[in-house]
Novice: 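My questions will all concern the structure given below.
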Amino acid sequence: MNILLTGGAGYIGSHTAVVLSEAGHEVVVLDNFCNSKKSVLTSLQQILGKELICIDGDIRNTPLVIKILKDHQINAVIHFAGLKAVGESVQMPIEYYANNAQGTISLLEAMKSTGVKALVFSSSATVYGDPQYLPIDENHPTSATNPYGRSKLHIEEMLKDVAISDAEWKIICLRYFNPVGAHDSGLIREDPQGIPNNLMPFILKVIAGDLPVLNVYGKDYPTIDGTGVRDYIHVMDLAEGHLAALLFLSNRYGWHVINLGTGVGHSVLEMIHASEEGSGKKINFQFAPRRPGDIASCYADVKKANQDLAWVATRTLQEMCLYRPVKK
Ligand code: NAD
Ligand code: WQD
C-alpha cells in the first residue's frame, strides 16, 4: 500500500516509517519539521538502505495535501502530525487548536476530496483524564484537563462524526500510553528541543551528562513505592501496532478506538533503576513536590488490541531503558 505519514519525521512517525517500509509498504512523509530535524531522513535512509519520499510542508496547506494524495496514489493515511506538550498547550491554546484540530480538518478535507478514506489517528491516554478504574479500557469515560488533551478529544469527536456520515470511511483511533525507547540502530530516537518534560527523555539527558539531576515528582502516591506509575511501551512495539491497525482497516469500515500499551504499569523509581542497568551509570535524582495535574497510576487494558489487531507488545522494560549514546 502507499501510505502517507503526516508528522512522519517525528519520534513515533519515524519508527513507524521503518516498520511499514520493511513490511513492503511505500511510505510518503509530510512534515513541517516544527518538532523534528531533517537529519532524521538521512538516518531513515541508513536504516532502510533507500531514500524515503518526504515533503516539507504543513498539513494545514490543503491543496498541498490533495496534491500529495493524488501524486503518490495514497491508499491510507497515518496522522501523527500535531503539537504534544501539555504545559505549552496551556500557554498557547490557539496554536494547539490551530495545529491539531484545524490541521486535522484540512487533512480530512483533502482526503474527502480525493476519496482516500482510510485513516489511523494518533490519540493519547491523556483523553481518559484521572482514571476512575484500572486497567483503563476503551469504554472508560473521557475528559481533558488541558488544551492538548482537549484537542485530541475534539479530533476524536470529529473523526467519529465523519465515520458516521459516510459508510466508506475506515477510521481507527489509537490511544497510546507512554511511548519510550528507540530503534536498535540508535540512529533515530526521541529528540526533544531544550529541557524535556517527559520522564524518559529527561533520564537520558541526565545519563548523557547534559542535565545534572532528575526531579522525581511526588513520593507519596498510593503506588508500589510512592512514585507515579505509567504504562511505558517500546516505540517499536507501538510502530508495529500501526502496521496491525492498517491490516485491521483493510476489511473494517466505520470508527474504531483501540488502546496501545503493555497493560503493565511501572513506577518512576523502577524506570530509574532499569535505566541505571541499561546504561551502567548511576542516575542522580532528588524528590520534588508532585507535578500539578499528574495522576497516581495509569495503565491500559489491552485486550481489544490483542484480539482485534492480533497485536501484543513484546519488548521488555530492559529493552525500553537500554541506553544508546547519540551517534554524532
Ligand atoms: P513528535 O513531535 O516527535 O512528532 C510530530 C511530528 O509532526 C513532528 O515531526 C512535527 O514536526 C510534525 N508536525 C507538527 N505539526 C505539523 C503540521 N502542522 N504539519 C506538518 N507536520 C507537523 O511527536 P510524537 O511523539 O512522534 O507524537 C506523534 C503523535 O502521537 C502526536 O499526534 C502526539 O500527540 C501523539 N502522542 C504522542 C505521545 C508521546 O508521548 N510521544 C503519546 C500519545 C500520543
Ligand atoms: C511520567 C511519570 C511524572 C518527568 C505525558 C502527557 C501525555 C502523553 C504522554 C502525549 C509521572 C514523572 C516526569 C520528570 C518525573 N503524551 N516525572 N520527573 O505525564 O504520563 O504523560 O506524556 O499524549 O499526554 O501528559 O508522562 O513522562 O511526563 O511522566 O518524576 O522530570 O514521570 O510525574 O509520574 P505523563 P511523563
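Both backbone and side-chain heavy atoms feed into the values below; hydrogens, waters and symmetry mates do not. In listed order, ligands and their atoms are each counted from 1. Along the sequence shown, residues are numbered consecutively beginning with 1. These numbers were taken from a predicted model, which means no experiment stands behind them.
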Novice: Please confirm whether K152 approaches ligand 1 to less than 4.0 Å, judged on its heavy atoms.
Specialist: yes
Novice: Would you kindly say whether T223 and S267 are connected by a side-chain donor-acceptor distance under 3.5 Å?
Specialist: no
Novice: For a quick check under 3.5 Å, do T42 and Q45 share a side-chain donor-acceptor pair by atom type?
Specialist: no
Novice: Answer yes if the side chains of N35 and Q193 hold a donor-acceptor pair under 3.5 Å, and no otherwise.
Specialist: no
Novice: With H234, which residues qualify under ring pair (Phe, Tyr, Trp, His ring centres under 6.0 Å), at least two apart?
Specialist: none
Novice: Give me the residue, atom name and distance of the protein heavy atom closest to atom 4 (O) of ligand 1.
Specialist: G10 CA, 3.4 Å
Novice: Looking only at protein heavy atoms, which one is nearest to atom 6 (C) of ligand 2, and what is the separation?
Specialist: V86 CG2, 3.9 Å
Novice: So, 4.0 Å and heavy atoms of G8: is ligand 1 close enough to count as a contact?
Specialist: no
Novice: Could you list the atoms of ligand 2 found under 4.0 angstrom from a heavy atom of G228?
Specialist: 34 (O)
Novice: At what distance is the nearest protein heavy atom to atom 24 (O) of ligand 2, and which residue and atom is it?
Specialist: T126 CB, 3.3 Å
Novice: I'd like the name of whichever of S89, S124, G218 reaches closest to atom 8 (C) of ligand 2 through any heavy atom.
Specialist: S124
Novice: For atom 4 (C) of ligand 2, find the nearest protein heavy atom and state the residue, atom name and distance (0.1 Å precision).
Specialist: N197 O, 3.5 Å
Novice: Under a 4.0 Å threshold between the charged nitrogen and the carboxylate oxygen, would K304 count as salt-bridged to E138?
Specialist: no
Novice: Would you indicate which of N32, D31, L5 comes nearest to atom 8 (C) of ligand 1 when only heavy atoms are counted?
Specialist: D31
Novice: As a check for students: among G13, G82, C34, identify the option with a heavy atom nearest to atom 5 (C) of ligand 1.
Specialist: G82
Novice: Can you tell which part of Y148 has a heavy atom less than 4.0 Å from ligand 1: side chain, backbone, both or neither?
Specialist: side chain
Novice: With a 4.0 Å cut-off on heavy atoms, does G103 reach ligand 1?
Specialist: no
Novice: Just checking, is any N or O donor in the side chain of S122 or Y176 under 3.5 Å from an acceptor N or O on the other one?
Specialist: yes
Novice: Is it true that E190 and K84 make a salt bridge, defined as a side-chain N closer than 4.0 Å to a carboxylate O?
Specialist: yes
Novice: Among all protein non-hydrogen atoms, which one is nearest to atom 18 (N) of ligand 2, and what is the separation to 0.1 Å?
Specialist: N215 O, 2.7 Å
Novice: Just to confirm my output: which protein heavy-atom neighbour is closest to atom 27 (O) of ligand 2, and how far is it?
Specialist: L199 N, 2.8 Å
Novice: For N178, state whether at least one heavy atom is located under 4.0 Å from any atom of ligand 1.
Specialist: no
Novice: Among Y232, F287, Y217, which one puts a heavy atom closest to atom 1 (C) of ligand 2?
Specialist: Y232
Novice: Under 3.5 Å, is there a donor on one side chain and an acceptor on the other for R150 and Y96?
Specialist: no
Novice: Y148: heavy atom below 4.0 Å from ligand 2, yes or no?
Specialist: yes
Novice: Please confirm whether S123 comes under 4.0 Å of ligand 1, counting heavy atoms of the residue only.
Specialist: yes
Novice: Treating K282 as the side-chain partner and I207 as the backbone partner, does any N or O pair qualify as donor plus acceptor under 3.5 Å?
Specialist: no
Novice: Could I get the full list of side-chain contact (heavy atoms from CB on, under 4.5 Å) partners for M1, not counting sequence neighbours?
Specialist: I3, H25, N75, L246
Novice: Can you tell me which residue and heavy atom of the protein come closest to atom 36 (P) of ligand 2, and the distance to 0.1 Å?
Specialist: N198 ND2, 3.5 Å
Novice: Would you call D71 and K67 a salt bridge, using N to O less than 4.0 angstrom?
Specialist: yes
Novice: Using a strict cut-off of 4.0 Å, indicate which atoms of ligand 1 neighbour a heavy atom of S36.
Specialist: 8 (C), 9 (O), 11 (O)
Novice: In the protein, what heavy atom is nearest to atom 40 (O) of ligand 1, and what distance, to one decimal place, separates them?
Specialist: P179 CD, 3.3 Å
Novice: What atoms of ligand 2 come within less than 4.0 Å of a heavy atom belonging to D294?
Specialist: 3 (C), 11 (C), 19 (O), 33 (O)
Novice: If you measure from atom 19 (O) of ligand 2 to every heavy atom of R291, R230, K205, which option wins on shortest distance?
Specialist: R291
Novice: Tell me if the centroids of the rings in H256 and F121 come within less than 6.0 Å of each other.
Specialist: no
Novice: For the pair D56 and K38, find out whether any cationic side-chain nitrogen is under 4.0 Å from an anionic carboxylate oxygen.
Specialist: yes
Novice: Below 6.0 angstrom between ring centroids: does that apply to Y232 and H266?
Specialist: no
Novice: Verify the neighbour count for atom CD of E95: are there more than 12 heavy atoms of other residues, nucleotides or ligands below 6.0 Å?
Specialist: yes
Novice: Would you check, one step at a time, whether the test side-chain hydrogen bond (donor to acceptor under 3.5 Å, both in side chains) holds for Y133 with D137?
Specialist: CA-CA 9 Å; Y133 57 84; D137 61 26; 2.6 Å; yes
Novice: Could you tell me whether N178 and ligand 2 have an N or O pair separated by under 3.5 Å?
Specialist: yes
Novice: What protein heavy atom sits nearest atom 12 (C) of ligand 2, and how far away is it?
Specialist: V268 CG2, 3.7 Å
Novice: For ligand 1, is N99 a contact, meaning one of its heavy atoms is under 4.0 Å away?
Specialist: yes
Novice: Considering only heavy atoms of V216, which atoms of ligand 2 have at least one such atom less than 4.0 Å away?
Specialist: 30 (O)
Novice: Could you tell me the residue and atom name of the protein heavy atom closest to atom 25 (O) of ligand 1, and the distance to it rounded to 0.1 Å?
Specialist: K84 NZ, 2.7 Å
Novice: Among protein heavy atoms, which lies nearest atom 31 (C) of ligand 1, and at what distance?
Specialist: F80 O, 3.1 Å
Novice: Considering only protein heavy atoms, which is closest to atom 26 (O) of ligand 1, and at what distance to one decimal place?
Specialist: I12 N, 2.8 Å
Novice: Looking at A110, is its backbone amide N or carbonyl O close enough to the side chain of S113 to form a donor-acceptor pair, meaning the two atoms are under 3.5 Å apart?
Specialist: yes
Novice: Can you pull out the closest protein heavy atom to atom 2 (O) of ligand 1? Residue, atom name and distance to 0.1 Å, please.
Specialist: N35 ND2, 2.7 Å
Novice: Please determine whether a side-chain nitrogen of the Lys or Arg among K219 and D225 lies less than 4.0 Å from a carboxylate oxygen of the Asp or Glu.
Specialist: no
